[in-house]
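The analysis underlying the following values was restricted to heavy atoms, covering all of them including side chains, and did not include hydrogens, waters or symmetry mates. Just so it is clear: chains get the letters A, B, ... in the order the sequence lines come, proteins before strands, and each one is counted from 1. A quick note: this is a predicted structure, and the numbers were derived from the prediction, not measured.
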Amino acid sequence: MINIPKGTKDILPQESYKWHFIENIIRELSSIHGLLEIRTPTFEHTELFLRGVGDTTDIVNKEMYSFLDKGDRSITLKPEGTAGVARAYIENGLGSLPQPIKMYYLTSVFRYEKPQAGRLREHHQFGVELFGTYHPLADVEIISIASSFFRKLGIEGLTLKINNIGCKKCRQNYNDALKEFFSKNSEDLCPICNARINKNPLRVLDCKELSCKKVILNAPICTDFLCAECKAHKETVEQGLNSLSIDYTNDPYLVRGLDYYTGTVFEFVSEKIGAQGTVCGGGRYNDLVEEIGGKSTPAVGFGLGIERLLLLMEAMGVLIREKETTEVFVIPQNDSFQNECLKVISYLRENGISAENDLSGRSFKSQLKYANKMGFKYLMVIGETEVNSGIFSLKNMANGEIIELNKIELVSFFRR
RNA sequence: GUGGGUAUGGCGCAGUUGGCAGCGCGCAAGAUUGUGGCUCUUGAGGCCGUGGGUUCGAGCCCCACUACUCACCCCA
């Protein structure tokens, strides 16, 4: 027996309808918001993620599926969606189209992690990216897309946490202040945080170690270091959210683990799905495009984990549309009507009606039982009466009612 | 990478002081040959995660390994 690789999941025929449900809502939502789909490759040059996501991040440091291909190129399975989209934006000159460009993607992403509830090695992300404007309205648009997606799915009670970690200029000042503060308190910080003080002091704010948390309580707050421009940006975003009645809480300690974020960052969090509570995360990344070799282009976006979304919907008892079932099951009265039965099925299918028959030589009675278990909506028996009269009796499996129809009426019956 | 838990038919589980491997669901067939669901009968399906040890005898006790799972870290 060869098992499924660690941290991956089969999506089985009996549950794929849940995915279709979500995918349909994603496409509907995207079209309402004027988002076009972008599909980028499953793998990219490793360099893209080193420079894009950042070589001090955990994702790049220890979680990438990287390998040398037969041409000795270092290739990496994408660990997130944004870098590939940014690369495609530059490479295809999307910057010369009318700006901003809004797009969405739905893709597998891969991270070599230790699996646990809500965390897999291959998971699926729905993401939205918006390129080409610094305007805070773009941030509002992105957050409101995520928010209305949850509303459309009937998910309530998520906490939206937002923060502004500042642009290059004000982040430098804040970083300096943090370094100074943490250095003074270094004996109370865990070893990992001590290592982070100089490389990426922002990350210390995210530590869950009790002793660190105590120190963090008194740490300088990034809001106090924002330049006038960032402050104004933050206010406009908040006003936009207010006018859309999107609830949020300011979390000055919200720091995201990908280096490309600048300015606005946000997360939608739930307490209902275990320790991995972040369902959706995103923010601005005004320096990413330039970082990977394009000309300076502002951008904002989010990523949303489909598996966590499903966990959440399950935990909240959110209803998902029933799976599609076949309309008609056709049974020959006996073996001599086998071919007549095939003709009827073919006729139904030609007319767009889903129809099935027994393919394993079951007895008449067993076929009935089978039809019941499979949940087919209607049942039809083909025998002497039908062949001679051209009238078919259709049995409604839910209530036992029998309706008699000719061939033409049969088709219009299902088109009602 | 660091901890805790678990491992017995397709799924969910029981298995007594160590003594013939079971139950429920599901699956398959049948109960006077043109109508399912309820009920009844029958059947298929397991090297008890792997390797060692103790014992006359191990699903059970001991050791190691592996896988799964939850949590830390980090993220969606």
Side-chain angles (χ1 to χ4, degrees), chain A residues 1-9 12 14 53 56-63 79-82 106-127 146 190-193 195-196 200 203 206-210 212 254-258 261 267-270 273-282 301-312 329-337 360-386 392-402:
Chain A
M1 174 63 194
I2 298 166
N3 297 307
I4 193 169
K6 196 198 241 317
T8 62
K9 277 224 155 62
L12 299 171
Q14 57 267 32
V53 179
T56 60
T57 61
D58 276 16
I59 291 181
V60 168
N61 259 339
K62 47 181 200 187
E63 295 175 359
E80 55 90 55
T82 302
L106 184 57
T107 185
S108 284
V109 297
F110 307 86
R111 293 178 202 171
Y112 191 84
E113 308 203 59
K114 200 145 178 198
Q116 69 191 66
R119 201 170 69 191
L120 296 164
R121 288 186 172 181
E122 178 186 15
H123 76 276
H124 298 80
Q125 281 194 18
F126 163 45
C190 69
I192 304 163
C193 282
R196 289 197 276 222
N200 199 342
R203 199 66 55 67
D206 222 15
C207 191
K208 270 82 182 176
E209 214 48 61
L210 225 97
C212 295
L254 176 62
V255 173
R256 302 194 41 76
L258 292 85
Y261 285 111
E267 279 182 7
F268 285 86
V269 185
S270 166
I273 52 172
Q276 315 303 319
T278 303
V279 188
C280 172
F302 71 74
L304 189 152
I306 306 291
E307 281 83 355
R308 283 190 192 170
L309 187 68
L310 283 167
L311 279 180
L312 183 59
F329 190 65
V330 186
I331 305 178
Q333 183 199 331
N334 58 51
D335 284 355
S336 62
F337 292 97
S360 58
R362 275 178 237 262
S363 70
F364 184 81
K365 191 124 186 169
S366 287
Q367 291 196 41
L368 291 175
K369 291 194 175 187
Y370 174 74
N372 182 58
K373 277 186 280 203
M374 292 293 286
F376 298 126
K377 293 176 191 151
Y378 292 92
L379 191 74
M380 243 168 81
V381 176
I382 304 301
E384 231 161 323
T385 324
E386 287 75 15
F392 300 90
S393 44
L394 207 57
K395 177 168 180 174
N396 182 330
M397 292 295 276
N399 57 22
E401 260 173 43
I402 291 180

Which part of the nucleic acid does A:Ala398 contact within heavy-atom distance under 4.0 Å: base, sugar-phosphate only, or nothing?
-> base
Quick one: do A:Phe329 and A:Tyr370 satisfy ring-ring contact (aromatic ring centres under 6.0 Å, His included)? Show the steps, please.
-> CA-CA 10 Å; A:Phe329 190 65; A:Tyr370 174 74; 5.6 Å; yes
Any strand is fair game: report the nucleotide pairing with B:G36 by Watson-Crick or G-U wobble, both distances under 3.5 Å, or none.
-> none
OP1 or OP2 of B:G30 less than 4.0 angstrom from a side-chain nitrogen or oxygen of A:Ser363, does that happen here?
-> yes
Within less than 4.0 Å of OP1 or OP2 of B:C72, is there a side-chain N or O belonging to A:Gln116?
-> yes
Measure from the side-chain N and O atoms of A:Glu80 to the backbone N and O of A:Thr82, and report whether any donor-acceptor pair falls under 3.5 Å.
-> yes
NA contact type, A:Glu384, heavy-atom cut-off 4.0 Å: base, sugar-phosphate, or nothing?
-> base
Taking a pair to mean Watson-Crick or G-U wobble geometry with both distances below 3.5 Å, B:A7 pairs with B:U66
Could you check A:Val255 against A:Tyr261 for side-chain contact (heavy atoms from CB on, under 4.5 Å), going step by step and ending with a plain yes or no?
-> CA-CA 9 Å; A:Val255 173; A:Tyr261 285 111; over 6 Å; no
Report the base-pairing partner of B:G46 (Watson-Crick or G-U wobble, both distances below 3.5 angstrom), or none.
-> none
Return yes if the base of B:G30 and the side-chain atoms of A:Ser366 contain a donor-acceptor N/O pair under 3.5 Å, otherwise no.
-> no
5'-most by nearest nucleotide on RNA chain B - A:Gly7 or A:Leu368 | A:Leu368
Is the base of B:G30 touched by the side chain of A:Lys365 through a donor-acceptor pair closer than 3.5 angstrom?
-> no
Hey, is the side chain of A:Glu113 pairing donor to acceptor with the base of B:G1 inside 3.5 Å?
-> no
Scan A:Gln14 against the nucleic acid and name what it touches under 4.0 Å (heavy atoms): base, sugar-phosphate only, or nothing.
-> nothing
Under 4.0 Å between a side-chain N or O of A:Lys6 and OP1 or OP2 of B:C68?
-> yes
Mind checking A:Ala117 for me? I need base, sugar-phosphate or nothing, with any heavy atom below 4.0 Å counting as a touch.
-> sugar-phosphate
Spell out, as yes or no, whether a donor-acceptor pair under 3.5 Å connects the side chain of A:Arg308 to the backbone of A:Val279.
-> no
Applying a 3.5 Å limit to both distances, which nucleotide forms a Watson-Crick or G-U wobble pair with B:U17?
-> none
For the base of B:C74, is there a side-chain donor-acceptor partner from A:Gln276 under 3.5 Å away?
-> yes
Got a donor-acceptor pair under 3.5 Å from the side chain of A:Lys114 to the base of B:U2?
-> yes
